[in-house]
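Residue numbers start at 1 and run along the sequence shown.
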Amino acid sequence: MNKFMKLAVEEALKGVESDQGGPFGAVVVMDGRVIASAHNMVLANNDPSAHAEIQAIRKACKILGKPMIPECEIYSSCEPCPMCLSAIMWARISTIYYGCTREDAEKAGFMDAFIYDVLEGKNSGTLKRINLDRGECLPAMKKWENKEGHGSY
């Protein structure tokens, strides 16, 4: 077994055994060394965004002192959900290695299929999307746009 995937699985088991979250673990690696590892903390934190990949990326970015870490790879015990995939992409991580598939997760009771359906245009889901007060919100966007040296992400 790949040594980094083994660590991701160990993290997943920690989350399950401690009742902190679901069976998900992740490890961020750079140049063959572990930068950060984490497991799902959704239940412990009462936070739907506290997935293993998100937790590991937050730790790695803090350690490396930057929000984008393209020199890193991530190992996940399961195929990342849409939220985690987005975070991985925002962090510019170069490669994802994953063990279980999203179908495996669904069999275990994790219901991400409705999100994939919305993303694939199969249905609009139950979320109402209403554009509100754009004019009043634009000044902050323009201020950022005109700020020197703001960088981009």
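- Distance check, rounded to the nearest 0.5 Å: CD of Glu71 to CG of Leu64 gives 6.0 Å.
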Given Ile96 and Leu85, is the side-chain contact (heavy atoms from CB on, under 4.5 Å) satisfied, shown in steps? CA-CA 9 Å; Ile96 306 165; Leu85 180 60; 3.6 Å; yes
Assess the residue pair Lys6 and Tyr75 against the criterion (side-chain contact (heavy atoms from CB on, under 4.5 Å)); give the C-alpha distance rounded to whole Å, side-chain angles, the decisive distance to 0.1 Å, and a yes or no. CA-CA 9 Å; Lys6 184 177 182 195; Tyr75 292 76; over 6 Å; no
Report the C-alpha separation of Thr101 and Cys78 in whole Å, then their side-chain angles, then the decisive distance to 0.1 Å, and conclude whether the side-chain contact (heavy atoms from CB on, under 4.5 Å) test is met. CA-CA 6 Å; Thr101 65; Cys78 188; over 6 Å; no
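- Looking at Arg92, its side chain does come within 3.5 Å of a backbone N or O of Trp90 through a donor-acceptor pair.
- Considering every non-hydrogen atom in both Ala56 and Ala38, the closest pair reads N-CB, 3.6 Å.
- The shortest side-chain heavy-atom distance between Val9 and Glu11 does not fall under the 4.5 Å cut-off.
- Taking the salt bridge (charged side-chain N to carboxylate O under 4.0 Å, His left out) definition, one finds that Lys122 meets it with Glu120, sequence neighbours left out.
- Glu73 and Ser94 share no donor-acceptor pair across their side chains, judged by distance under 3.5 Å alone.
- No side-chain donor from either of Gln55 and His39 sits under 3.5 Å from a side-chain acceptor of the other.
- The two residues Ala8 and Ser77 make their nearest non-hydrogen contact at CB-N, 4.0 Å.
- One distance of note links OG of Ser18 with CG of Leu13; it measures 10.5 Å at 0.5 Å rounding.
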Evaluate the side-chain contact (heavy atoms from CB on, under 4.5 Å) criterion for residues Val29 and Ile74: first the C-alpha distance (whole Å), next the side-chain angles of each, then the deciding distance (0.1 Å), finally the verdict. CA-CA 6 Å; Val29 175; Ile74 192 166; over 6 Å; no
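- Side-chain contact between Gln20 and Leu43 is absent, with no heavy-atom pair separated by less than 4.5 Å.
- Taking each heavy atom of Val16 and Pro23 in turn, the nearest pair found is CG2-CA, 3.5 Å.
- Ring pair His51/Phe24 is parallel by interplanar angle, where below 30° counts as parallel and above 60° as perpendicular.
- By the 4.5 Å heavy-atom criterion applied to side chains, Ile54 and Met83 are counted as neighbours.
- Between Val28 and Ser37, every side-chain heavy-atom pair lies at or beyond the 4.5 Å cut-off.
- From Cys72, atom SG reaches atom CD1 of Ile88 across 12.0 Å, with rounding to the nearest 0.5 Å.
- Note: Leu138 CG to Lys143 NZ = 14.5 Å, rounded to the nearest 0.5 Å.
- One finds the NZ atom of Lys14 at 14.0 Å from the CG atom of Asn40 (value rounded to the nearest 0.5 Å).
- Interatomic distance, Asn123 CG to Asp117 CG, rounded to the nearest 0.5 Å: 5.0 Å.
- Under the 3.5 Å distance criterion, with hydrogens and angles disregarded, a donor-acceptor pair is assigned to the side chains of Ser76 and Glu53.
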